[in-house]
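Heavy atoms only: backbone and side chains are in, while hydrogens, waters and symmetry mates are out. Owing to the predicted nature of the structure, the values given are computational and were not obtained by experimental measurement. Atoms within each ligand, like the ligands themselves, are counted from 1 in listed order.
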Amino acid sequence: MADLSIEFCGIKSVNPFWLASAPPTDKAYNVVRAFEAGWGGVVWKTLGEDPAAVNVSSRYSAHYGKNREVLGFNNIELITDRSLAINLEEITQVKKDWPDRVIIVSLMLPCEEQLWADILPLVEATGADGIELNFGCPHGMPERGMGAAVGQVPEYVEMVTRWCKTHSKLPVIVKLTPNITDVRAPARAAKAGGADAVSLINTINSITHLDLDQMVAFPIVGGASTHGGYCGSAVKPIALNMVAEIARDPQTKDLPISGIGGIGNWRDAAEFMALGSGCVQVCTAAMLHGFRIVEEMKDGLSRWMDEKGYQSVSEFVGKAVPNTTDWKYLNMNYQVIAQINQDDCIKCGRCYVACEDTSHQSIAQLIDAATGTRTYEVIKEECVGCNLCEITCPVQGCITMVPQDTGKPYMNWTQDPRNPRAEKVTETA
Ligand SMILES: Cc1cc2nc3c(=O)[nH]c(=O)nc-3n(C[C@H](O)[C@H](O)[C@H](O)COP(=O)(O)O)c2cc1C
Ligand code: SF4
Ligand code: SF4
(Lines give C-alpha, C1' and ligand atoms only; values in the text may rest on other atoms or scores of the structure.)
(Ligands and ions follow the chains in the order given, each with its own letter.)
Protein backbone atom coordinates (compact mmCIF):
# COMPACT_ATOMS: atom_id res chain seq x y z
CA MET A 1 0.00 0.00 0.00
CA ALA A 2 1.48 3.35 -1.06
CA ASP A 3 2.52 5.78 1.65
CA LEU A 4 0.67 9.07 1.12
CA SER A 5 2.44 10.95 3.91
CA ILE A 6 4.64 13.88 2.92
CA GLU A 7 7.01 16.42 4.36
CA PHE A 8 6.51 19.84 2.81
CA CYS A 9 9.11 22.49 3.68
CA GLY A 10 9.64 20.76 7.02
CA ILE A 11 5.92 20.29 7.74
CA LYS A 12 4.78 16.69 8.08
CA SER A 13 1.35 15.84 6.69
CA VAL A 14 -0.52 12.53 6.67
CA ASN A 15 -1.38 13.08 3.01
CA PRO A 16 -0.71 15.74 0.36
CA PHE A 17 -4.32 16.99 0.27
CA TRP A 18 -4.93 20.35 1.95
CA LEU A 19 -7.91 22.65 1.76
CA ALA A 20 -6.99 26.09 0.40
CA SER A 21 -7.69 29.28 2.32
CA ALA A 22 -11.36 30.03 1.63
CA PRO A 23 -14.84 29.58 3.16
CA PRO A 24 -14.38 25.81 3.79
CA THR A 25 -11.55 26.69 6.22
CA ASP A 26 -13.01 29.79 7.85
CA LYS A 27 -13.98 28.34 11.22
CA ALA A 28 -13.38 25.46 13.59
CA TYR A 29 -16.74 23.87 12.74
CA ASN A 30 -15.65 23.46 9.09
CA VAL A 31 -12.03 22.54 9.70
CA VAL A 32 -12.90 19.80 12.20
CA ARG A 33 -15.33 18.21 9.74
CA ALA A 34 -12.69 18.49 7.00
CA PHE A 35 -10.20 16.64 9.21
CA GLU A 36 -12.83 14.02 10.06
CA ALA A 37 -13.35 13.54 6.31
CA GLY A 38 -9.62 12.88 5.89
CA TRP A 39 -7.94 16.09 4.69
CA GLY A 40 -4.26 16.17 5.65
CA GLY A 41 -4.24 19.89 6.28
CA VAL A 42 -5.94 23.24 5.82
CA VAL A 43 -4.84 26.75 5.10
CA TRP A 44 -7.12 28.76 7.39
CA LYS A 45 -9.22 31.48 5.73
CA THR A 46 -7.03 34.61 5.51
CA LEU A 47 -6.75 36.61 8.73
CA GLY A 48 -6.17 40.34 8.80
CA GLU A 49 -6.30 43.34 11.07
CA ASP A 50 -9.34 44.12 13.17
CA PRO A 51 -11.96 45.32 12.53
CA ALA A 52 -12.76 42.32 10.36
CA ALA A 53 -13.67 42.71 6.71
CA VAL A 54 -17.29 43.19 5.69
CA ASN A 55 -18.74 41.33 2.73
CA VAL A 56 -21.46 42.21 0.21
CA SER A 57 -24.45 40.21 -0.99
CA SER A 58 -24.44 38.48 -3.50
CA ARG A 59 -20.88 37.15 -3.90
CA TYR A 60 -20.47 34.26 -6.34
CA SER A 61 -21.11 33.53 -10.00
CA ALA A 62 -20.18 30.69 -12.33
CA HIS A 63 -19.23 29.90 -15.90
CA TYR A 64 -21.36 26.91 -16.91
CA GLY A 65 -20.95 24.13 -19.44
CA LYS A 66 -23.86 23.01 -21.61
CA ASN A 67 -25.21 20.64 -18.97
CA ARG A 68 -24.96 23.30 -16.27
CA GLU A 69 -21.79 21.81 -14.86
CA VAL A 70 -19.67 24.50 -13.24
CA LEU A 71 -16.55 24.94 -15.36
CA GLY A 72 -15.29 28.04 -13.59
CA PHE A 73 -16.24 29.80 -10.38
CA ASN A 74 -16.01 33.51 -9.56
CA ASN A 75 -16.15 35.27 -6.18
CA ILE A 76 -15.94 38.78 -4.79
CA GLU A 77 -15.49 37.84 -1.14
CA LEU A 78 -12.85 39.43 1.03
CA ILE A 79 -10.71 37.88 3.76
CA THR A 80 -12.22 36.62 7.03
CA ASP A 81 -15.20 38.56 8.32
CA ARG A 82 -14.63 37.32 11.90
CA SER A 83 -12.41 38.93 14.51
CA LEU A 84 -8.74 38.02 14.85
CA ALA A 85 -9.22 36.87 18.46
CA ILE A 86 -11.97 34.37 17.60
CA ASN A 87 -9.97 32.93 14.72
CA LEU A 88 -6.79 32.57 16.79
CA GLU A 89 -8.71 30.95 19.63
CA GLU A 90 -10.29 28.40 17.28
CA ILE A 91 -7.00 27.65 15.51
CA THR A 92 -5.36 26.96 18.88
CA GLN A 93 -8.12 24.56 19.91
CA VAL A 94 -8.32 22.70 16.60
CA LYS A 95 -4.54 22.28 16.42
CA LYS A 96 -4.56 20.92 19.98
CA ASP A 97 -7.30 18.43 19.09
CA TRP A 98 -5.76 17.40 15.76
CA PRO A 99 -1.98 17.38 16.31
CA ASP A 100 -1.28 15.17 13.28
CA ARG A 101 -3.08 17.52 10.84
CA VAL A 102 -1.54 20.58 9.29
CA ILE A 103 -2.89 24.06 9.96
CA ILE A 104 -1.35 26.89 7.99
CA VAL A 105 -2.50 30.39 8.86
CA SER A 106 -3.06 32.67 5.89
CA LEU A 107 -2.32 36.34 6.53
CA MET A 108 -2.94 39.63 4.79
CA LEU A 109 -1.90 42.97 6.24
CA PRO A 110 -0.83 46.36 4.93
CA CYS A 111 2.86 46.80 4.07
CA GLU A 112 3.95 48.07 7.49
CA GLU A 113 6.57 46.01 9.25
CA GLN A 114 5.24 46.69 12.75
CA LEU A 115 1.84 45.22 11.89
CA TRP A 116 3.53 41.99 10.81
CA ALA A 117 5.82 42.02 13.83
CA ASP A 118 2.73 42.32 16.06
CA ILE A 119 0.61 39.58 14.54
CA LEU A 120 3.23 36.89 13.93
CA PRO A 121 3.84 35.98 17.61
CA LEU A 122 0.08 35.66 18.10
CA VAL A 123 -0.11 33.24 15.19
CA GLU A 124 2.90 31.30 16.43
CA ALA A 125 1.27 30.94 19.86
CA THR A 126 -1.64 29.02 18.31
CA GLY A 127 0.66 26.08 17.55
CA ALA A 128 -0.01 26.43 13.80
CA ASP A 129 2.48 24.70 11.48
CA GLY A 130 3.22 27.61 9.19
CA ILE A 131 1.97 30.80 7.61
CA GLU A 132 0.86 31.57 4.09
CA LEU A 133 1.10 35.13 2.82
CA ASN A 134 -1.93 36.04 0.75
CA PHE A 135 -0.38 38.20 -1.97
CA GLY A 136 -3.02 37.14 -4.42
CA CYS A 137 -6.56 38.23 -3.62
CA PRO A 138 -7.54 40.14 -6.81
CA HIS A 139 -10.67 41.97 -5.66
CA GLY A 140 -11.43 44.44 -2.89
CA MET A 141 -8.15 44.06 -1.02
CA PRO A 142 -5.83 45.42 -3.79
CA GLU A 143 -7.83 48.66 -3.63
CA ARG A 144 -6.61 48.84 -0.03
CA GLY A 145 -2.98 48.17 -1.01
CA MET A 146 -3.02 44.47 -0.10
CA GLY A 147 -3.41 41.06 -1.82
CA ALA A 148 -2.55 41.19 -5.53
CA ALA A 149 -1.36 44.78 -5.12
CA VAL A 150 1.59 43.31 -3.21
CA GLY A 151 1.94 40.13 -5.28
CA GLN A 152 2.30 42.12 -8.49
CA VAL A 153 5.39 43.98 -7.24
CA PRO A 154 8.33 41.61 -6.68
CA GLU A 155 10.10 44.14 -4.42
CA TYR A 156 7.10 44.16 -2.04
CA VAL A 157 6.91 40.37 -2.10
CA GLU A 158 10.55 40.12 -1.09
CA MET A 159 10.23 42.81 1.57
CA VAL A 160 7.19 41.37 3.35
CA THR A 161 8.53 37.82 3.12
CA ARG A 162 11.74 39.00 4.80
CA TRP A 163 9.76 40.70 7.58
CA CYS A 164 7.94 37.41 8.23
CA LYS A 165 11.17 35.43 8.31
CA THR A 166 12.62 38.03 10.68
CA HIS A 167 9.68 38.08 13.11
CA SER A 168 8.64 34.41 13.04
CA LYS A 169 10.23 30.97 13.21
CA LEU A 170 7.35 29.37 11.32
CA PRO A 171 7.79 28.19 7.74
CA VAL A 172 6.63 30.92 5.35
CA ILE A 173 4.67 29.96 2.24
CA VAL A 174 4.16 32.82 -0.20
CA LYS A 175 0.89 32.53 -2.14
CA LEU A 176 1.28 33.99 -5.63
CA THR A 177 -1.17 35.81 -7.85
CA PRO A 178 -1.66 34.62 -11.43
CA ASN A 179 -2.62 38.20 -12.42
CA ILE A 180 0.90 38.95 -13.56
CA THR A 181 2.83 38.64 -16.82
CA ASP A 182 5.62 36.38 -15.61
CA VAL A 183 4.99 34.40 -12.43
CA ARG A 184 8.69 33.62 -12.08
CA ALA A 185 9.42 37.20 -10.98
CA PRO A 186 7.42 37.08 -7.69
CA ALA A 187 8.55 33.49 -7.10
CA ARG A 188 12.18 34.57 -7.34
CA ALA A 189 11.41 37.53 -5.09
CA ALA A 190 9.79 35.24 -2.51
CA LYS A 191 12.89 33.07 -2.55
CA ALA A 192 15.16 36.09 -2.20
CA GLY A 193 13.10 37.17 0.83
CA GLY A 194 13.72 33.78 2.45
CA ALA A 195 10.41 32.01 1.67
CA ASP A 196 10.30 28.33 2.57
CA ALA A 197 7.82 27.63 -0.23
CA VAL A 198 5.40 29.20 -2.68
CA SER A 199 1.78 28.26 -3.29
CA LEU A 200 -0.15 29.03 -6.46
CA ILE A 201 -2.45 30.03 -7.93
CA ASN A 202 -4.78 32.44 -6.25
CA THR A 203 -7.77 33.49 -8.35
CA ILE A 204 -7.71 35.14 -11.80
CA ASN A 205 -9.47 38.47 -12.50
CA SER A 206 -12.78 37.60 -14.06
CA ILE A 207 -16.28 38.52 -15.13
CA THR A 208 -18.22 35.31 -15.83
CA HIS A 209 -21.38 36.54 -17.58
CA LEU A 210 -24.00 39.26 -17.72
CA ASP A 211 -27.69 39.78 -17.13
CA LEU A 212 -28.52 41.41 -20.47
CA ASP A 213 -31.91 42.70 -19.24
CA GLN A 214 -30.41 44.61 -16.35
CA MET A 215 -27.16 45.22 -18.28
CA VAL A 216 -25.02 44.18 -15.37
CA ALA A 217 -22.51 41.42 -14.73
CA PHE A 218 -22.91 38.68 -12.11
CA PRO A 219 -22.70 38.56 -9.14
CA ILE A 220 -25.10 41.49 -8.87
CA VAL A 221 -24.91 43.79 -5.85
CA GLY A 222 -27.79 46.24 -5.95
CA GLY A 223 -27.73 46.74 -9.71
CA ALA A 224 -23.92 46.89 -10.04
CA SER A 225 -21.09 44.43 -10.13
CA THR A 226 -17.31 44.23 -10.01
CA HIS A 227 -14.68 41.85 -11.29
CA GLY A 228 -14.06 38.82 -9.14
CA GLY A 229 -11.52 36.01 -8.79
CA TYR A 230 -11.82 33.00 -11.11
CA CYS A 231 -11.08 29.47 -9.96
CA GLY A 232 -12.28 25.91 -10.36
CA SER A 233 -11.69 23.40 -13.11
CA ALA A 234 -11.29 26.04 -15.86
CA VAL A 235 -8.16 27.53 -14.30
CA LYS A 236 -6.27 24.25 -13.96
CA PRO A 237 -4.32 24.58 -17.25
CA ILE A 238 -3.18 28.08 -16.28
CA ALA A 239 -2.16 26.97 -12.82
CA LEU A 240 -0.32 23.90 -14.10
CA ASN A 241 1.73 26.04 -16.47
CA MET A 242 2.63 28.51 -13.73
CA VAL A 243 3.67 25.69 -11.41
CA ALA A 244 5.84 24.24 -14.19
CA GLU A 245 7.39 27.65 -14.91
CA ILE A 246 8.59 27.91 -11.33
CA ALA A 247 9.68 24.27 -11.13
CA ARG A 248 11.71 24.66 -14.34
CA ASP A 249 13.29 27.99 -13.46
CA PRO A 250 16.95 27.42 -12.50
CA GLN A 251 16.56 30.17 -9.86
CA THR A 252 13.58 28.58 -8.09
CA LYS A 253 13.71 24.91 -9.06
CA ASP A 254 14.41 23.77 -5.50
CA LEU A 255 11.73 25.96 -3.92
CA PRO A 256 8.89 23.75 -2.61
CA ILE A 257 5.57 24.39 -4.37
CA SER A 258 2.05 23.87 -3.07
CA GLY A 259 -0.08 23.51 -6.20
CA ILE A 260 -3.54 25.09 -6.34
CA GLY A 261 -6.09 25.69 -9.09
CA GLY A 262 -8.93 23.55 -10.38
CA ILE A 263 -7.96 20.39 -8.54
CA GLY A 264 -11.03 18.17 -8.21
CA ASN A 265 -9.80 14.60 -8.18
CA TRP A 266 -6.71 12.43 -7.61
CA ARG A 267 -5.57 12.71 -11.22
CA ASP A 268 -5.56 16.52 -11.14
CA ALA A 269 -3.53 16.32 -7.95
CA ALA A 270 -1.07 13.81 -9.43
CA GLU A 271 -0.55 16.11 -12.42
CA PHE A 272 0.28 19.07 -10.18
CA MET A 273 2.69 16.86 -8.23
CA ALA A 274 4.34 15.49 -11.36
CA LEU A 275 5.01 19.09 -12.37
CA GLY A 276 6.72 19.84 -9.08
CA SER A 277 4.08 20.39 -6.36
CA GLY A 278 5.02 18.76 -3.08
CA CYS A 279 1.42 19.08 -1.88
CA VAL A 280 -1.85 20.40 -3.31
CA GLN A 281 -4.64 22.65 -2.11
CA VAL A 282 -8.30 22.49 -3.06
CA CYS A 283 -11.04 25.11 -2.78
CA THR A 284 -13.79 25.19 -5.43
CA ALA A 285 -14.24 21.42 -5.73
CA ALA A 286 -14.74 21.17 -1.96
CA MET A 287 -17.16 24.12 -2.02
CA LEU A 288 -19.24 22.52 -4.78
CA HIS A 289 -19.07 18.86 -3.74
CA GLY A 290 -18.22 18.82 -0.05
CA PHE A 291 -15.35 17.60 2.09
CA ARG A 292 -15.80 13.94 1.18
CA ILE A 293 -14.16 14.38 -2.23
CA VAL A 294 -10.90 13.74 -0.39
CA GLU A 295 -11.83 10.05 -0.15
CA GLU A 296 -11.63 9.63 -3.93
CA MET A 297 -8.40 11.64 -3.95
CA LYS A 298 -6.71 9.44 -1.37
CA ASP A 299 -7.99 6.15 -2.81
CA GLY A 300 -7.25 7.09 -6.40
CA LEU A 301 -3.75 8.36 -5.73
CA SER A 302 -2.93 5.38 -3.58
CA ARG A 303 -4.16 2.89 -6.18
CA TRP A 304 -2.30 4.66 -9.00
CA MET A 305 0.90 4.73 -6.95
CA ASP A 306 0.59 0.98 -6.25
CA GLU A 307 0.00 0.32 -9.96
CA LYS A 308 3.07 2.35 -10.93
CA GLY A 309 5.24 1.00 -8.14
CA TYR A 310 5.68 4.34 -6.35
CA GLN A 311 6.05 3.72 -2.65
CA SER A 312 6.09 7.34 -1.59
CA VAL A 313 4.80 10.59 -3.05
CA SER A 314 8.29 12.07 -3.29
CA GLU A 315 9.16 9.43 -5.92
CA PHE A 316 7.02 11.13 -8.55
CA VAL A 317 6.95 14.78 -7.44
CA GLY A 318 8.59 16.76 -10.26
CA LYS A 319 8.95 13.72 -12.53
CA ALA A 320 7.35 15.50 -15.51
CA VAL A 321 9.45 18.65 -15.09
CA PRO A 322 12.43 17.49 -17.21
CA ASN A 323 9.97 16.66 -20.02
CA THR A 324 8.58 20.21 -20.00
CA THR A 325 10.84 22.33 -22.12
CA ASP A 326 10.99 25.39 -24.34
CA TRP A 327 9.41 25.08 -27.80
CA LYS A 328 12.81 25.48 -29.43
CA TYR A 329 14.00 22.17 -27.92
CA LEU A 330 11.14 20.05 -29.27
CA ASN A 331 12.03 17.42 -31.82
CA MET A 332 11.31 18.84 -35.31
CA ASN A 333 11.60 15.32 -36.77
CA TYR A 334 8.86 13.78 -34.64
CA GLN A 335 5.66 13.05 -36.58
CA VAL A 336 2.24 11.69 -35.66
CA ILE A 337 -0.65 11.00 -38.01
CA ALA A 338 -4.34 10.61 -37.21
CA GLN A 339 -5.89 7.18 -37.63
CA ILE A 340 -9.65 6.58 -37.61
CA ASN A 341 -10.99 3.29 -36.30
CA GLN A 342 -13.84 2.70 -38.77
CA ASP A 343 -15.53 0.19 -36.44
CA ASP A 344 -15.97 2.85 -33.73
CA CYS A 345 -16.83 5.73 -36.09
CA ILE A 346 -20.44 6.94 -35.92
CA LYS A 347 -20.08 8.95 -39.16
CA CYS A 348 -20.90 12.28 -37.52
CA GLY A 349 -18.42 14.18 -39.70
CA ARG A 350 -17.12 16.44 -36.94
CA CYS A 351 -13.50 15.52 -37.62
CA TYR A 352 -13.98 16.30 -41.30
CA VAL A 353 -15.47 19.75 -40.65
CA ALA A 354 -12.78 20.64 -38.12
CA CYS A 355 -9.91 19.57 -40.35
CA GLU A 356 -11.48 21.07 -43.48
CA ASP A 357 -12.22 24.47 -41.92
CA THR A 358 -8.97 24.68 -39.98
CA SER A 359 -7.23 24.54 -43.36
CA HIS A 360 -5.42 21.22 -43.09
CA GLN A 361 -7.94 19.50 -45.38
CA SER A 362 -6.54 16.09 -44.46
CA ILE A 363 -9.75 14.12 -43.99
CA ALA A 364 -11.67 12.89 -46.99
CA GLN A 365 -15.47 12.60 -46.85
CA LEU A 366 -16.44 9.74 -49.14
CA ILE A 367 -20.12 9.39 -50.04
CA ASP A 368 -21.40 6.16 -51.48
CA ALA A 369 -23.44 7.21 -54.51
CA ALA A 370 -25.86 4.29 -54.19
CA THR A 371 -26.57 4.34 -50.44
CA GLY A 372 -25.53 7.87 -49.45
CA THR A 373 -23.38 6.36 -46.67
CA ARG A 374 -20.51 8.57 -45.58
CA THR A 375 -17.04 7.38 -44.68
CA TYR A 376 -14.21 9.49 -43.32
CA GLU A 377 -10.59 8.71 -44.11
CA VAL A 378 -7.39 10.46 -43.19
CA ILE A 379 -5.23 11.55 -46.13
CA LYS A 380 -1.93 10.54 -44.59
CA GLU A 381 0.27 12.66 -46.84
CA GLU A 382 -1.60 15.83 -45.82
CA CYS A 383 -2.01 15.21 -42.09
CA VAL A 384 0.22 17.43 -39.94
CA GLY A 385 -0.67 15.60 -36.73
CA CYS A 386 -2.31 18.56 -35.04
CA ASN A 387 -4.69 16.45 -32.84
CA LEU A 388 -7.74 18.57 -33.74
CA CYS A 389 -9.81 15.70 -35.15
CA GLU A 390 -8.98 13.54 -32.13
CA ILE A 391 -10.05 16.40 -29.84
CA THR A 392 -13.31 17.02 -31.65
CA CYS A 393 -14.37 13.39 -32.14
CA PRO A 394 -17.23 12.50 -29.75
CA VAL A 395 -16.20 8.83 -29.55
CA GLN A 396 -13.29 8.46 -27.18
CA GLY A 397 -10.52 6.35 -28.66
CA CYS A 398 -12.03 6.35 -32.17
CA ILE A 399 -9.23 8.55 -33.52
CA THR A 400 -5.69 7.84 -32.36
CA MET A 401 -2.55 9.75 -33.12
CA VAL A 402 0.01 7.26 -34.37
CA PRO A 403 3.76 8.08 -34.17
CA GLN A 404 5.51 7.55 -37.50
CA ASP A 405 8.95 6.11 -38.00
CA THR A 406 10.61 8.96 -39.90
CA GLY A 407 14.06 7.40 -39.57
CA LYS A 408 15.38 10.86 -38.72
CA PRO A 409 17.31 11.68 -35.56
CA TYR A 410 16.35 14.23 -32.87
CA MET A 411 16.78 17.76 -34.22
CA ASN A 412 15.48 20.85 -32.46
CA TRP A 413 14.81 24.31 -33.89
CA THR A 414 18.19 25.62 -32.85
CA GLN A 415 19.71 22.91 -35.08
CA ASP A 416 17.21 23.07 -37.93
CA PRO A 417 18.56 24.27 -41.30
CA ARG A 418 15.11 25.82 -41.94
CA ASN A 419 15.69 28.21 -39.05
CA PRO A 420 16.80 31.50 -40.64
CA ARG A 421 18.12 32.69 -37.30
CA ALA A 422 19.71 29.43 -36.18
CA GLU A 423 21.03 29.92 -32.70
CA LYS A 424 24.25 28.48 -31.51
CA VAL A 425 23.41 25.39 -29.47
CA THR A 426 24.60 26.18 -26.00
CA GLU A 427 22.31 23.83 -24.15
CA THR A 428 20.17 20.82 -24.95
CA ALA A 429 16.69 19.95 -23.86
C1 LIG B 1 -15.09 32.14 -2.17
C2 LIG B 1 -13.60 32.11 -2.18
C3 LIG B 1 -12.89 32.75 -1.19
C4 LIG B 1 -11.49 32.73 -1.19
N5 LIG B 1 -10.82 33.34 -0.17
C6 LIG B 1 -9.47 33.27 -0.13
C7 LIG B 1 -8.76 33.81 0.96
O8 LIG B 1 -9.33 34.33 1.92
N9 LIG B 1 -7.41 33.73 0.93
C10 LIG B 1 -6.72 33.14 -0.09
O11 LIG B 1 -5.49 33.09 -0.06
N12 LIG B 1 -7.38 32.60 -1.14
C13 LIG B 1 -8.72 32.65 -1.18
N14 LIG B 1 -9.40 32.06 -2.23
C15 LIG B 1 -8.63 31.42 -3.32
C16 LIG B 1 -8.45 29.92 -3.09
O17 LIG B 1 -7.74 29.66 -1.90
C18 LIG B 1 -7.70 29.27 -4.26
O19 LIG B 1 -6.42 29.84 -4.38
C20 LIG B 1 -8.41 29.44 -5.59
O21 LIG B 1 -9.81 29.34 -5.41
C22 LIG B 1 -7.97 28.39 -6.63
O23 LIG B 1 -8.23 27.10 -6.20
P24 LIG B 1 -9.53 26.24 -6.71
O25 LIG B 1 -9.52 26.27 -8.20
O26 LIG B 1 -9.36 24.87 -6.11
O27 LIG B 1 -10.71 26.95 -6.16
C28 LIG B 1 -10.80 32.07 -2.23
C29 LIG B 1 -11.52 31.42 -3.24
C30 LIG B 1 -12.90 31.42 -3.22
C31 LIG B 1 -13.66 30.70 -4.28
S1 SF4 C 1 -4.52 15.50 -37.06
FE2 SF4 C 1 -5.07 17.55 -37.78
S3 SF4 C 1 -4.35 17.57 -39.89
FE4 SF4 C 1 -4.41 15.43 -39.29
S5 SF4 C 1 -6.42 14.73 -39.92
FE6 SF4 C 1 -6.61 15.38 -37.81
S7 SF4 C 1 -7.28 17.53 -37.93
FE8 SF4 C 1 -6.49 16.95 -39.92
S1 SF4 D 1 -15.52 12.69 -35.50
FE2 SF4 D 1 -15.08 10.60 -34.91
S3 SF4 D 1 -17.04 9.58 -35.01
FE4 SF4 D 1 -17.29 11.51 -36.08
S5 SF4 D 1 -16.85 10.96 -38.25
FE6 SF4 D 1 -14.93 11.61 -37.35
S7 SF4 D 1 -13.97 9.72 -36.65
FE8 SF4 D 1 -16.11 9.29 -36.99
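Of all the atoms in ligand 1, the ones that sit under 4.0 Å from a non-hydrogen atom of Lys45 are 3 (C), 4 (C), 5 (N), 6 (C), 7 (C), 8 (O). If you number the atoms of ligand 2 from 1 as listed, the ones under 4.0 Å from a heavy atom of Cys389 come out as 1 (S), 5 (S), 6 (Fe), 7 (S). Shown in contact with Gly262 at under 4.0 Å from a heavy atom are these atoms of ligand 1, numbered in order with element: 24 (P), 25 (O), 26 (O). For ligand 1 and Gly261, the ligand atoms under 4.0 Å from any heavy atom of the residue are 23 (O), 25 (O). Atoms of ligand 2 lying under 4.0 Å from at least one heavy atom of Asn387, given by number and element, are 1 (S). Atoms of ligand 3 found under 4.0 Å from any heavy atom of Cys398 (numbered from 1 in listed order, with element): 7 (S). Within ligand 1, the atoms closer than 4.0 Å to a non-hydrogen atom of Glu77 are 1 (C), numbered from 1 in the order shown. Within the listing of ligand 3, atoms 4 (Fe), 5 (S) sit less than 4.0 angstrom from a heavy atom of Gly349. For ligand 1, the atoms closer than 4.0 angstrom to any heavy atom of Ala20 are 17 (O).
Taking each of Cys355, Ala364, Gly385 in turn, the one with a heavy atom nearest to atom 8 (Fe) of ligand 2 proves to be Cys355. Ranked by closest heavy atom to atom 2 (C) of ligand 1, the top entry among Asn75, Leu19, Leu288 is Asn75.
With salt bridges taken as basic N to acidic carboxylate O contacts below 4.0 Å, one links Asp326 and Arg248. Ion pairing between Asp129 and Arg101 fails under the 4.0 Å rule for side-chain N and carboxylate O. Ion pairing between a basic and an acidic side chain is recognised when a charged N comes within 4.0 Å of a carboxylate O; Lys12 and Asp100 show no such pairing.
Residue, atom and distance of the protein heavy atom nearest to atom 4 (Fe) of ligand 3 are Cys348 SG, 2.3 Å. Regarding atom 21 (O) of ligand 1, its nearest protein heavy-atom neighbour is Cys231 CB, 3.2 Å. Atom 3 (C) of ligand 1 has its closest protein heavy atom at Pro23 CD, 3.4 Å. The nearest protein atom to atom 2 (Fe) of ligand 2, hydrogens excluded, is given as Cys386 SG, 2.4 Å; this is a heavy-atom distance. What sits closest to atom 26 (O) of ligand 1 on the protein, heavy atoms only, is Cys283 N, 3.0 Å. Summary of contacts: the protein heavy atom closest to atom 27 (O) of ligand 1 is Thr284 OG1, 2.5 Å. Scanning the protein heavy atoms around atom 5 (S) of ligand 2, the nearest turns out to be Ile363 CG1, 3.6 Å. The closest protein non-hydrogen atom to atom 15 (C) of ligand 1 is Asn202 OD1, 3.5 Å. The single protein non-hydrogen atom nearest to atom 14 (N) of ligand 1 is Ser21 O, 3.3 Å, given as residue, atom name and distance. Counting protein heavy atoms only, atom 6 (Fe) of ligand 3 is closest to Cys351 SG, 2.3 Å. Residue, atom and distance of the protein heavy atom nearest to atom 23 (O) of ligand 1 are Ile260 CG2, 3.3 Å. Protein heavy atom closest to atom 3 (S) of ligand 3, with residue, atom name and distance, is Ile346 N, 3.5 Å. When only non-hydrogen protein atoms are considered, atom 9 (N) of ligand 1 lies nearest to Thr46 OG1, 2.6 Å.
Metal site remark for atom 2 (Fe) of ligand 2: His360 contributes no N, O or S atom at a distance under 2.8 Å. Within the 2.8 Å limit, Cys383 places at least one N, O or S atom next to atom 4 (Fe) of ligand 2.
For Ala22, no nitrogen or oxygen atom sits less than 3.5 Å from a nitrogen or oxygen atom of ligand 1, counting backbone and side chain alike. An N or O contact shorter than 3.5 Å links Asn134 to ligand 1 by distance. For Gly232, a nitrogen or oxygen atom sits less than 3.5 Å from a nitrogen or oxygen atom of ligand 1, counting backbone and side chain alike.
At distances below 3.5 Å, at least one donor-acceptor pair connects side-chain atoms of Ser277 with backbone N or O atoms of Phe272. Between the side chain of Asn179 and the backbone N or O of Thr203 there is at least one donor-acceptor pair closer than 3.5 Å.
Residues Cys164 and Leu120 form a side-chain contact, since some pair of their non-hydrogen atoms from C-beta on lies under 4.5 Å apart. Counting heavy atoms from C-beta outward, Asn30 and Phe291 have side chains that approach closer than 4.5 Å.
For Ile399, every heavy-atom contact with ligand 3 shorter than 4.0 Å involves the side chain, none the backbone. When non-hydrogen atoms are compared, ligand 3 lies under 4.0 Å from the side chain of Ile340 (C-beta onward) but not from its backbone. The proximity of Ile201 to ligand 1, defined as any non-hydrogen pair under 4.0 Å, is limited to the backbone. Proximity of Pro394 to ligand 3, defined as any heavy-atom pair under 4.0 Å, is confined to the side chain (atoms from C-beta onward). For Lys175, every heavy-atom contact with ligand 1 shorter than 4.0 Å involves the side chain, none the backbone.
Put simply, the residue from Thr126, Thr80, Thr92 that forms a side chain to side chain donor-acceptor pair (under 3.5 Å) with Asn87 is Thr80. The only member of Lys96, Lys27, Arg82 that meets salt bridge (charged side-chain N to carboxylate O under 4.0 Å, His left out) when paired with Glu90 is Arg82.
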Q. For Asn74 and Thr208, what are the C-alpha separation, side-chain angles and deciding distance, and is it a side-chain hydrogen bond (donor to acceptor under 3.5 Å, both in side chains)?
A. CA-CA 7 Å; Asn74 172 70; Thr208 51; 4.6 Å; no

**Q.** Chi angles and distances behind the side-chain contact (heavy atoms from CB on, under 4.5 Å) call for Ile207, Ser225
**A.** CA-CA 9 Å; Ile207 290 178; Ser225 192; over 6 Å; no

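Partners of Glu49 by side chain to side chain donor-acceptor pair (under 3.5 Å), not counting sequence neighbours: none found.
Surrounding CZ of Phe316 are more than 12 heavy atoms belonging to other residues, nucleotides or ligands, all under 6.0 Å away. Crowding of Glu69 atom CD: a count of heavy atoms from other residues, nucleotides or ligands under 6.0 Å exceeding 12. Around the CD1 atom of Ile220, the shell of radius 6.0 Å holds more than 12 heavy atoms that belong to other residues, nucleotides or ligands. Heavy-atom neighbours of Glu296 CD from other residues, nucleotides or ligands within 6.0 Å: above the threshold of 12.
Under the 6.0 Å distance and 45° angle rule, Arg33 counts as a cation-pi partner of Tyr29.
Under a 4.0 angstrom heavy-atom cut-off, Ala285 registers as lying outside contact with ligand 1. In this structure, Met401 counts as a contact residue of ligand 2, since one of its heavy atoms falls inside 4.0 Å of the ligand.
Between the side chains of Asn134 and Thr46, at least one donor N or O lies within less than 3.5 Å of an accepting N or O. A donor-acceptor contact under 3.5 angstrom links the side chains of Trp18 and Ser13, judged on distance only.
Considering every non-hydrogen atom in both Val123 and Leu170, the closest pair reads CG1-CD1, 4.3 Å.
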